[in-house]
Amino acid sequence: MSKKALLVISFGTSYLETREKTIGAIEEDLQRGFPDHDFYRAFTSRMIIKKLRERDGEIVDIPHEALEKLRDAGYTEVVCQTTHVINGYEYDLTISELKKFEDDFEVLTIGAPLLTTIDDYNRVAKIAADELPQLKRGEAILYMGHGSDHHANATYPAMDYTFKFLGYKEIYMGTVEGFPSLDHIIPELKEKGYKKIYLAPFMIVAGDHAINDMAGEDEDSWKSILEAEGFEVECVLRGLGQFRGIQDMFLEHAQNGTSVRELL
């Protein structure tokens with residue numbers, strides 16, 4: 001009989017409470033979808049893995065280590081699913097590690113990151129809009145994405161366009177480390193005459209970026225900057241991973257995974 005495993009690969013977080021609500025919820029949804037697979041977890045962030053080991057004594061494998069263990073334990077079929085938002089550096093790293101094991105299993109598949117197809121963009125826009133407060137006149141929502149210097153950063157302006165195209169004119173997409181930045185967005189928020197801004201993380205977990213860079217009290221947080229510009233600000237500290245619709249999308253991606261052998 002085939003010995004089957006489900007390997008869920010995330011960037012990771014050291015904030016345990018939000019991990020249970022986001023990554024943990026996605027993992028549980030995936031396990032329900034693959035009940036005959038043994039569950040395994042891996043993180044791609046070496047920094048987070050190191051912090052968890054030193055602070056909590058918790059051991060989390062990188063994908064390469066997890067796959068070595070699965071191979072040595074005699075698994076023949078492995079379904080992998082990433083919880084990354086974009087097809088960026090972390091996903092590239094994941095694929096490079098998986099490719100080393102493409103001949104070690106009868107079946108080795110990987111499900112795509114959250115935002116990969118046009119349908120993904122449309123679905124995420126609707127889910128993200130529905131999960132936040134209903135807006136009144138003079139209010140807007142600003143999502144904070146991570147951002148990157150990887151070409152996949154184009155995901156974020158494309159997501160902003162998708163919101164607007166689908167009729168969510170008061171939802172904006174910004175990034176911490178890419179384009180568009182907060183500096184690009186503030187002039188438009190002023191021009192439109194908004195009085196109140198809801199800030200929310202466009203990240204799987206509401207971790208360090210959400211807690212500090214977005215909602216922190218330091219003068220360089222998005223909340224503080226927007227308040228200094230005269231806006232009323234309310235922060236919504238819920239990661240995308242908490243939304244059931246997002247969890248279901250990852251399950252569908254896993255069910256429609258691509259054989260690692262077929263990836264370049």
Side-chain angles (χ1 to χ4, degrees), residues 21-22 25-26 29 83-88 112-148 151-206 209-210 213-215 222-223 225-227 229-253 256:
K21 295 176 181 177
T22 55
I26 294 168
D29 199 44
T83 68
H84 298 115
V85 174
I86 68 173
N87 291 256
L114 181 63
L115 288 169
T116 300
T117 69
I118 298 300
D119 181 61
D120 291 339
Y121 283 83
N122 291 334
R123 291 179 65 183
V124 169
K126 293 173 183 176
I127 293 166
D130 290 344
E131 288 287 348
L132 289 191
Q134 293 295 309
L135 298 176
K136 301 174 183 176
R137 183 181 296 275
E139 296 181 345
I141 293 169
L142 174 55
Y143 269 108
M144 171 195 268
H146 189 282
S148 173
H151 58 78
N153 185 83
T155 297
Y156 297 105
M159 194 69 237
D160 185 79
Y161 180 87
T162 302
F163 279 127
K164 307 299 191 300
F165 181 78
L166 293 177
Y168 304 113
K169 306 296 186 183
E170 282 74 43
I171 300 182
Y172 294 81
M173 184 79 249
T175 68
V176 185
E177 299 179 10
F179 176 85
S181 69
L182 184 59
D183 288 341
H184 294 119
I185 298 168
I186 286 176
E188 186 169 359
L189 297 178
K190 286 186 170 182
E191 181 182 343
K192 295 291 179 62
Y194 295 116
K195 304 299 182 185
K196 181 174 181 177
I197 307 297
Y198 287 95
L199 281 178
F202 195 82
M203 305 172 190
I204 296 302
V205 302
H209 281 302
D213 297 328
M214 187 188 82
W222 280 25
K223 174 177 179 288
I225 292 171
L226 287 167
E227 287 177 338
E229 294 287 346
F231 297 101
E232 178 186 352
V233 179
E234 183 173 334
C235 296
V236 182
L237 287 171
R238 298 178 67 209
L240 295 177
Q242 290 180 242
F243 305 159
R244 185 54 191 263
I246 299 296
Q247 297 163 19
D248 290 344
M249 285 183 65
F250 279 121
L251 175 56
E252 291 176 27
H253 284 199
N256 297 306

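Fair warning: this is a prediction, and the values are worked out from it, not measured in the lab.
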### Task
Return the set of residues passing salt bridge (charged side-chain N to carboxylate O under 4.0 Å, His left out) with Asp160 (not counting sequence neighbours), or none when no residue passes.
Lys164
### Query
Would you say the side-chain atoms of Asn87 pair up with the backbone N or O of Pro113, donor to acceptor, closer than 3.5 Å?
no
### Query
Where does the angle between the aromatic ring planes of Phe250 and His253 fall among parallel (under 30°), tilted (30 to 60°) and perpendicular (over 60°)?
perpendicular
### Any pair counted as salt bridge (charged side-chain N to carboxylate O under 4.0 Å, His left out), so long as it reaches residues 126-144, sequence neighbours left out
Glu131-Arg238
## Note on the structure
Here the pair of heavy atoms bringing Gly174 nearest to Ile185 is CA-CD1, 3.4 Å
### Task
Locate the shortest heavy-atom distance separating Tyr156 from Gly145; write the atom from each residue and the value.
CE2-CA, 3.8 Å
### Message
For His146, is there any backbone N or O sitting under 3.5 Å from a side-chain donor or acceptor partner on Thr175?
### Response
no
## Note on the structure
Taken in chain and number order and not counting sequence neighbours, the residues that satisfy side-chain hydrogen bond (donor to acceptor under 3.5 Å, both in side chains) with Ser148 are none
### Task
Sequence neighbours left out, what passes side chain to side chain contact (heavy atoms under 4.5 Å, CB included) with Ala25? Give chain and number order.
Gln247
### Task
Could I get the full list of salt bridge (charged side-chain N to carboxylate O under 4.0 Å, His left out) partners for Glu252, not counting sequence neighbours?
Arg123
### Spatial distance of atom CD1 (Ile246) from atom CG (Leu251) [nearest 0.5 Å]
13.0 Å
Under 3.5 Å, which donor-acceptor pairs do the side chains of residues 195-203 form with other protein atoms, sequence neighbours left out?
unit_1: Lys196; atom_1: NZ; unit_2: Tyr198; atom_2: OH; d: 3.4
unit_1: Lys196; atom_1: NZ; unit_2: Glu234; atom_2: OE1; d: 2.8

### Message
Please check: side-chain N/O of Asp120 versus main-chain N/O of Thr117, any donor-acceptor pairing under 3.5 Å?
### Response
yes
### Message
Has Tyr168 got a side-chain atom pairing as donor or acceptor with Ala128's backbone, closer than 3.5 angstrom?
### Response
no
### Query
Which value, rounded to the nearest 0.5 Å, describes the distance between Ile171 atom CD1 and Ile141 atom CD1?
4.5 Å
### Message
Can you give me the closest heavy-atom contact between Tyr194 and Phe231, atom names plus distance?
### Response
O-CE2, 3.3 Å
#### Entry: Minimum heavy-atom distance between Leu115 and Thr155, given as atom pair plus value
CD1-CG2, 3.5 Å
